[in-house]
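Numbered from 1 within each chain, the chains take letters A, B, ... in sequence-line order.
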Amino acid sequence: MRAGVITFPGSNCDRDAAVALAACGAAVTSIWHAETELPRLDLIVLPGGFTYGDYLRCGAIAARAPVMAEVARRAEAGVAVLGICNGFQILAEIGLLPGAMISNAGLKFVCRPVDLEVATDASPFTAGYARGQAIRLPIAHHDGNYVCSEAECRRLEDEDRVAFRYMDNPNGSTARIAGVLGAGRNVLGMMPHPERAADPRLGGTDGRILFQTLLETLG
Amino acid sequence: MKARVHVRLKDGVLDPQGAAIGRALAQLGFAGVGEVRQGKLIELELAETDRARAARQLEAMCERLLANPVIETYAVSLED
Amino acid sequence: MKARVHVRLKDGVLDPQGAAIGRALAQLGFAGVGEVRQGKLIELELAETDRARAARQLEAMCERLLANPVIETYAVSLED
Amino acid sequence: MAIAADEITPELIAEHGLADAEYERIVAILGRAPNLLELGIFSVMWSEHCSYKSSRHWLRRLPTEGPQVICGPGENAGVVDLGDGMAAVFKIESHNHPSFIEPHQGAATGVGGILRDVFTMGARPVALLDSLRFGAPGHPKTRYLVDGVVAGIGGYGNCVGVPTVGGETTFHGVYNGNVLVNAMCVGLVAREQIFYARASGPGNPVVYVGAKTGRDGIHGATMASAEFSEAAEARRPTVQAGDPFTEKLLLEACLELMRTDAIVAIQDMGAAGLTSSSFEMAARGGVGIEMDLDRVPTRETGMTPYELMLSESQERMLLVLRQGAEGRARAVFAKWDLECVAVGRVTDSGAVVLRWHGEEVARVPVAPIGREAPLYERPHERRPAAVPIAALDVAAPLAPGEALRRLLGSPDLASRRWIFEQYDHMVMGDTVQRPGGDAAVVRIHGSNRGLALTTDCTPRYCAADPVRGGMQAVAEAWRNLCAVGARPLAVTDCLNFGSPENPQVMGEFVGCIEGMAEACRALDFPVVSGNVSFYNETDGQAIWPTPTVGGLGLLADLDHMATLAWRHGGLALVLVGETFGWLGCSLYLREVCGREEGAPPPVDLATERRHGELVRSLCEAGLLEACHDLSDGGLYVALAEMALASGIGADLRLPEACDSPTAWLFGEDQGRYLLAVAPARLAAVEAAASRAGVLARRVGTTGGAALTLDGGDAISLRELAAIHEGWLPALMGTP
Ligand SMILES: Nc1ncnc2c1ncn2[C@@H]1O[C@H](COP(=O)(O)OP(=O)(O)O)[C@@H](O)[C@H]1O
Ligand SMILES: [Mg+2]
């Protein structure tokens, strides 16, 4: 699998994502946000961080970066796109995923491992988990409170596009949503950090399954 | 020309910041405070001198960057 | 009564948000945008019906909670 | 010469915090009266903060050398050798006054400053720690200060993407008017790629990079060197605001340019930014620097040379480049959207010469500003030694279980989760031991080795007995590193005190340094960097002497790292070290008996060393299931902390003839550790201890869901956890 990890000004989990992918055997390329063309890729990762300081709105300025037009085209064409934390916020800002993120209900940054339920196994990201499986991944964000309209929320449920749900809602998200899939199921945005649970030394390997699954499903 | 853009969360979108301010005010003993909402007020210096063109420019800025239509509305104003 | 409090950074205090917005607008091709500053606009529902008393109450809220006098200034207004 | 003559009045001199004798020395150095700009330059360079005029004499007593030391005090940060071609760069710094005035920005810019001190030496920052001292929990400002400081530290470190992995937090009324915010940063660099701040090569360009200059914190350096008064608080000087996003860009841009051979010298602009960076780089290299101040990028209009030289705007660096390398530097900084402007060049004049639109506006010789900087040996008074308290003279108003509940929910022992969960402590993917343990452990990226990091000081000990307190601070840091299985390498220290002009405060300072120096020497634990913060007093009320010690150690093999948590029942609990039941100055005495008195526990450095080395060797031999050092609250509190981390309880056995169970359970005797050992390994542990001549005796067994004492007096872990976790969220009003 060829994976590209995009670095925006202020990305800070780009290396972590690349390390986790490489450990699973992916060939990882680092991509600068100013690029307008991309090499052939099976997976595009928008990593966590504070792009543009998260000023204005989280992910808002990065969503308008030159590289994003091409990311959107690839997503349309079916390439897998994974947005983690700030990457999820960017995908929502650019409209590749529904909804938006506002400040955590507790108004504080929260960094801790949380318990999640894998809400669907029907995607190239989650096929390696069992539907309903309980997993534990760290979160680390200030604005992870997922907001979407009731109608949108119903649609996500109907189309089985909620990927992960918090067991114990740490940020006030609508319907405890921690991760959602795009309509084509090839785009996933999630607030928890799978790359921080991919090395047994760091506590837990529940996130590693996601990367291994991508390798298996995308070759 | 000086311009202002007021971006606020749509009615119906929960506003944790506003709610926290409301609670804190009550705790400080301010009575009779109803709903509190916190929005952004962005002030810009524009080179444009034509009001109509400036207004159109601002509108475009909001559509393209300053507001997120999923959760926010905006209002623009120009100083005289 | 509806009230608004506009809290902004004092002149001279670094406003990284405003600066980032300014740069992003320029990158999106908006020309002629000078300084950009981002402030907060807090909207409140007050039970108080007397304008003078409401104004005093707002003033007190700003002093005690809504604005940080070290780096911010504020302006209050009441809707008619 | 075209330098304009300003009228320098006595008021102006006083406003700049300069003594009359200091002013005369300036006139002698220049051979004329200074103008206002030059006066400003001298005032910051000779401020306590930059010149260490009251502390220099005493700091010389600290041992700073050892085979592991690559660079000791004198550079932007200290450097120690880690083997395998790697080095650690680290330093701690205070941001006390700014954090009191504006807690969020004050703490944030403290983090920003210490990050720059580390990456200016070529190291990538890999960890942050913060040592925080707040006023009494019930004081009206405390909540606001805690909230702002924690949000400020988190907001900055999280955004830059450097994990905040540890620190300490305590509360006491002596800090009501002066909180302490000490931030420590640790970075990693290849040994061959360390950068220094030594300007050289006349003709080489001097280049300004980073954020634009505004009027931030003008006179911050002199503010940090003057004691507070209510009036000064009301005057509210311009606080500098931080921009962590720009810092992240600056970090990446600097490290990128450092991979080329473009840079000759580099220094961050900290206190009195452009002044200290230019003078210090010139002084280290024995050269001169000339700058055209009108070329400095500004954020505000109408800024004067005086303001430009004294501004403390954040996220800026001054570089000396090789000739011809400017283009490369400009390209790198343009990529990261940052300013990069040649503002001057290195000269052989030995002076810093400043021009404004072509006209010379200041000329100050570099060497004398350092060589002739004031050096004060201020009078100091030793305090009479505190009187020891006999264990049997301490009442036991509460049963042991009740006392434990009280202690675990007390301000200084309650869980700090509310704080460290606001810090991203996992970013960079190498945090092997998260906050909550004895020391944080950060893996050296791509290896199986790790850095162990801690900050420590027990101010109530220092107040009662500065020498012993200083010793204890170093010993505790050393012990915390040993407790995770690391070999302690070196220290950075942040000496927070009241006014040096008060002989009693100066006596505390001298005493603490003596104690620290002795401990550092005995433990081969040299001081490689640090910072002094004086004038932490308000209206004549000084803080307790607080010499924060930041310790760094190396774990050669992460497979042998120890943690607090055991994973099974049925393990033997082994207490290393002798228990005399020292209750003087203990938390038990304060929290349970309401007494703040007595002498602090003695520190026997030879014993400390023997015990630490034994524990480390037991870790390395893979003989331990868990390990924790004993400090505040003594044995019973340490046991509870381990059980809470494990989620598995334990039974503790009182010794046969125990005169005072209270003293045995809660005494704060130094040099002790509590180990959990599998039954099959117990004999090996005991044999190793007896070979080392160390007392190690079995005191209990792990298991169950409660803590019990001699099989009775059960306290469920669930209840203890609620008490332990509940206090800080309740204080902060966010359950
Ligand atoms: N308490 C101390 N112990 C050892 N070294 C110290 C101490 N205080 C200051 N230093 C050293 O003195 C030098 C100047 O410190 P400082 O002015 O704080 O650095 P910077 O200018 O980089 O902020 C540094 O090298 C620092 O490590
Ligand atoms: Mg420095």
Handout entry: Contact origin within D:Asp559 toward chain A - heavy atom pairs under 4.5 Å
Key = both

Handout entry: Choice from D:Arg443, D:Met426, D:Lys248 maximising heavy atom contacts with chain A below 4.5 Å
Key = D:Met426

Fill in the blank from the handout: Smallest heavy-atom separation, A:Asp16 atom then D:Gly429 atom, equals OD2-N, 3.5 Å

Exercise for the section: Examine distances only and state if a side-chain atom of D:Arg434 and a backbone atom of A:Leu202 form a donor-acceptor pair shorter than 3.5 Å. Expected result: yes

Problem - SG on A:Cys111 to CD on D:Gln422, rounded to 0.5 Å - result: 11.0 Å

Exercise for the section: Check whether A:Asp199 gets within reach of chain D through its side chain, its backbone, both or neither, counting any heavy atom under 4.5 Å. Expected result: side chain

Exercise for the section: Identify which part of D:Arg417 has an atom lying under 4.5 Å from any heavy atom of chain A, answering side chain, backbone, both or neither. Expected result: neither

Handout entry: D:Arg718 CZ: over 12 foreign heavy atoms closer than 6.0 Å
Key = no

Handout entry: A:Asn12 side-chain N/O to D:Val427 backbone N/O, donor-acceptor pair under 3.5 Å
Key = no

Fill in the blank from the handout: CD (D:Glu421) and CZ (A:Phe109) are apart, to the nearest 0.5 Å, by 11.0 Å

Problem - Test of ring centre spacing under 6.0 Å for A:Phe50 and D:Phe245 - result: no

Handout entry: Carboxylate-amine/guanidinium proximity below 4.0 Å for D:Asp424 and A:Arg196
Key = yes

Exercise for the section: To the nearest 0.5 Å, tell me how far A:Lys108 NZ sits from D:Asp147 CG. Expected result: 3.5 Å

Handout entry: D:Met428 CE to A:Arg15 CZ distance, which is reported to the nearest 0.5 Å
Key = 4.5 Å

Handout entry: chain A interface, residue from D:Asp430, D:Val150, D:Val162, D:Thr246 that has the most non-hydrogen pairs under 4.5 Å
Key = D:Asp430

Fill in the blank from the handout: Closest non-hydrogen contact found for A:Gly53 with D:Cys159 is CA-SG, 4.1 Å

Practice task
Compute whether any side-chain donor of one residue and acceptor of the other, for A:Tyr55 and D:Asp243, lie under 3.5 angstrom apart.
Solution key: yes

Problem - Region of A:Pro113 that comes under 4.5 Å of a non-hydrogen atom in chain D - result: both

